[in-house]
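What follows is a set of notes on a single structure, which appears directly below.
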Number of protein chains: 2
Amino acid sequence: MSEQEQLRAIRERIDAIDKDLMRLISERASCAQTVAEIKRAAGSGEDFYRPEREAQILRQVKDTNPGPLEGETLARLFREIMSACLALESPLKVAFLGPEGTYTHAAVLKHFGQDVQLAPMASLGEVFREVEAATCPYGVVPIENSTEGVVNHTLDLFVQSPLHVCGEVLLRIHHHLLSREESLDGVQRVYAHQQALAQCRRWLDANLPHAERIPLSSNAEAAKRAAQDTGAAAIAGDTAESLYGLNALKRNIEDHPDNTTRFLVIGRQESIPPSGVDKTSVLVSTSNRPGALHRLLTPLAHNGVSMSRIESRPSRCVNWEYVYFLDIEGHSADPKVKQALAGLRQEAELFRILGAYPRAVL
Amino acid sequence: MSEQEQLRAIRERIDAIDKDLMRLISERASCAQTVAEIKRAAGSGEDFYRPEREAQILRQVKDTNPGPLEGETLARLFREIMSACLALESPLKVAFLGPEGTYTHAAVLKHFGQDVQLAPMASLGEVFREVEAATCPYGVVPIENSTEGVVNHTLDLFVQSPLHVCGEVLLRIHHHLLSREESLDGVQRVYAHQQALAQCRRWLDANLPHAERIPLSSNAEAAKRAAQDTGAAAIAGDTAESLYGLNALKRNIEDHPDNTTRFLVIGRQESIPPSGVDKTSVLVSTSNRPGALHRLLTPLAHNGVSMSRIESRPSRCVNWEYVYFLDIEGHSADPKVKQALAGLRQEAELFRILGAYPRAVL
């Protein structure tokens with residue numbers, strides 16, 4: 001076959017594929033409509049969004065991806081298809097810490113897709129209030145964020161709020177060296193948040209050993225400065241690159257490529273059914289006696305339940321000095337986890353399951 | 001069947017659809033790879049992006065959409081699938097007038113999909129230079145924008161530049177009434193750009209007859225003020241709503257729902273093959289004698305070719321006083337258009353085909 005004939009044959013195949021894709025996506029949307037009708041007829045309310053089922057579908061897509069697209073890319077396309085199908089019934093309104101262009105905004109789109117209705121708030125407290133007041137069924141808040149330092153505030157809000165955790169979102173954070181300069185040779189100063197400088201130390205030592213490192217309050221501030229300043233560069237992410245129109249002299253200069261930020265999806269749903277790969281978040285507190293924390297954690301160890309994270313926060317109540325946030329592997333409905341939690345509840349003075357939810361897929 | 005059985009049956013059908021979707025999307029990506037390999041083997045360079053073919057596919061999707069999704073939504077999903085397939089070969093880098101969050105940024109994503117590599121520039125001149133220097137194969141620039149007023153600058157840049165028009169993007173602009181107030185009753189002042197106030201005049205007359213209307217330099221500025229001011233509202237778009245965390249008291253208050261902004265895709269490709277529904281943009285100039293413009297347009301009328309737009313700009317050259325930008329319906333390769341252009345070329349002192357390209361689909 002000539003080149004032209006080969007190309008024509010492939011294009012015909014692509015056309016046939018596109019016809020099938022259109023038919024299937026449309027049928028999927030019709031199925032979603034039928035599900036909603038059945039639920040409405042049965043009076044089961046607005047519960048169209050099923051985080052555990054979405055997680056299962058995305059996991060399935062990633063696990064059985066035949067290539068050549070990346071599993072992440074394929075799962076993202078499915079996220080958008082699901083988002084479009086869901087919006088047909090009831091477009092989800094999601095509150096988050098604005099403004100647009102922040103990592104939290106990116107986390108909302110990553111988790112809910114483009115068809116979500118955005119409700120950016122000026123503060124974390126407002127995000128909680130919007131969801132508590134049922135103005136938005138869901139909110140997204142940062143919980144582990146190495147450079148922005150808002151984690152503690154989120155934890156404190158959980159202590160006061162009746163809201164639950166319905167999901168988590170992981171965002172991979174990349175640091176780039178951004179500059180008005182055309183090459184590394186022109187860079188005499190590097191601006192960045194202290195933590196970003198630390199996270200790229202090895203790269204800076206190897207590639208810009210003589211450049212001065214100047215810590216600033218944020219990477220966004222650093223990018224802003226680098227945009228005004230010749231001979232300067234900033235360490236910052238994609239958003240800052242776009243915002244200030246800087247050249248990326250080098251991308252992904254972080255020493256540890258797994259630099260991620262974690263967000264929680266908050267809502268009023270008390271429990272999300274198990275998806276198969278889940279986490280449970282618990283808020284506990286104990287008296288300040290020696291060995292108290294150790295005793296508190298014994299039931300987990302005894303039941304072979306792993307804890308992926310523990311954070312302590314000074315309590316604002318008189319009865320105990322610290323509250324602890326535990327993330328446990330597994331769903332609170334799993335027998336092992338259930339037993340461990342029962343033991344934990346007995347030891348703790350304050351005990352609240354913040355939520356059991358699917359582990360982040362993407 | 002019970003409700004549960006019905007739901008289970010539909011979910012099984014959705015699972016089967018998802019399997020097929022994954023298989024088809026993956027096969028589509030493989031096809032795109034094969035196309036690229038054949039082209040590379042034939043030495044036909046980097047020409048993987050085919051605007052006319054993408055336009056045909058999107059038009060097909062919209063025209064044959066069986067529902068229940070909106071044609072726009074379905075076409076957007078296809079845009080993303082094509083974008084992912086294309087990025088597998090060579091992620092497209094697109095220069096545009098930044099920063100992020102502008103309408104031009106939205107136009108880039110709408111036309112090229114999420115898998116594009118963004119190159120935001122600080123000025124329109126830089127967008128042209130990036131594409132001329134081949135740092136980016138494409139750029140996106142606003143050409144008709146009722147509220148931002150940058151049209152003329154883009155036109156002037158075309159006079160000096162060897163670049164071509166490879167496509168157009170239409171963005172529907174919606175105006176919302178944004179406020180910190182909870183209801184219309186609390187609104188005593190409405191801030192907006194003069195043009196936005198004019199575009200929403202009827203709605204304001206009917207719904208806020210007693211509120212003072214205060215024109216400001218931009219809708220973004222208006223939103224910023226409304227965010228600080230009680231008793232105030234702003235007319236602005238989605239971006240401002242997100243950026244300043246305001247309530248949309250009422251959406252889409254524009255009197256004419258077809259309020260769109262137009263952008264051009266610029267590139268070095270001299271001509272895009274016909275897609276079936278195309279436009280041709282031409283730059284012409286004539287001496288300033290009486291009747292000159294009329295004579296200039298005669299060949300179009302004689303050949304039954306319609307003109308969708310004409311803009312005049314004072315020339316910066318001594319030889320003629322005005323240059324005209326014409327948008328003509330049809331492709332420069334269509335016999336009728338070809339003949340009309342030949343006649344036009346004879347009449348004009350300056351004559352340049354800026355480009356022939358698919359009419360915007362979405």
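Per chain, numbering begins at 1; letters A, B, ... match sequence-line order.
- By the 4.0 Å N-to-carboxylate-O rule, D115(B) lies close enough to R76(A) to be salt-bridged with it.
- Q60(B) is not listed as a side-chain neighbour of M22(A), based on a closest heavy-atom distance of 4.5 Å or more.
- Listed options P66(B), A87(B), A248(B), C85(B) were ranked by heavy-atom pairs under 4.5 angstrom with chain A; first place goes to P66(B).
- Using a 4.5 Å cut-off between heavy atoms, E80(B) contacts chain A through both its backbone and its side chain.
- Between I38(A) and Q4(B), every side-chain heavy-atom pair lies at or beyond the 4.5 Å cut-off.
- Ranked by heavy-atom pairs under 4.5 Å with chain B, the first of L7(A), T73(A), N65(A) is L7(A).
- In this structure, the side chain to side chain donor-acceptor pair (under 3.5 Å) partners of D229(B), at least two apart in sequence or on a different chain, are R189(B), Y191(B).
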Margin query: Pair K19(B), V61(A) - check side chain to side chain contact (heavy atoms under 4.5 Å, CB included), show working.
Written below: CA-CA 8 Å; K19(B) 276 211 185 76; V61(A) 165; over 6 Å; no

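- Both the backbone and the side chain of S26(B) come within contact range of chain A, with heavy atoms under 4.5 Å apart.
- Residue contact with chain B, scored on non-hydrogen atoms closer than 4.5 Å, involves the backbone and the side chain of T64(A) alike.
- Interface summary for chain A: among L88(B), D18(B), I10(B), the most heavy-atom pairs under 4.5 angstrom belong to D18(B).
- Closest approach of C31(B) to I14(A), counting heavy atoms only: CB-CG1, 3.6 Å.
- When each of A119(B), A227(B), A29(B) is scored by its heavy-atom pairs under 4.5 Å with chain A, the top score falls to A29(B).
- Summarising the local packing, NZ of K62(B) is surrounded by more than 12 heavy atoms from other residues, nucleotides or ligands at distances under 6.0 Å.
- Proximity to chain A (any heavy atom under 4.5 Å) is restricted, for Q114(B), to the side chain, taken from C-beta onward.
- To the nearest 0.5 angstrom, Q33(B) atom CD is 8.0 Å from L69(A) atom CG.
- For the pair V35(B) and R11(A), the minimum side-chain heavy-atom distance is below 4.5 Å.
- Looking at R28(B) and D15(A), no side-chain N of the basic residue comes within less than 4.0 Å of a carboxylate O on the acidic one, giving no salt bridge.
- Heavy atoms of I25(A) lying under 4.5 Å from chain B belong to its backbone as well as its side chain.
- Residues I17(B) and L24(A) come closest through the heavy atom pair CG2-O, 3.6 Å.
- At most 12 heavy atoms of other shown residues, nucleotides or ligands fall within 6.0 angstrom of atom CD in E70(B).
- Within residues 129-136 of chain B, no residue has any heavy atom closer than 4.5 Å to a heavy atom of chain A.
- With chain A as the partner, the residue from R13(B), R23(B), Q6(B) showing the most heavy-atom pairs under 4.5 Å is R13(B).
- Taking every heavy atom of both residues into account, L77(B) and I81(A) meet most closely at CD2-N, 3.9 Å.
- Heavy-atom neighbours of K110(A) NZ from other residues, nucleotides or ligands within 6.0 Å: above the threshold of 12.
- Within the 4.5 angstrom heavy-atom criterion, no atom of N247(B) approaches chain A.
- Residue S30(A) touches chain B through both its backbone and its side chain, counting heavy-atom pairs closer than 4.5 Å.
- Contact check on E3(A) versus K39(B) returns no salt bridge, with no Lys/Arg side-chain nitrogen under 4.0 Å from an Asp/Glu carboxylate oxygen.
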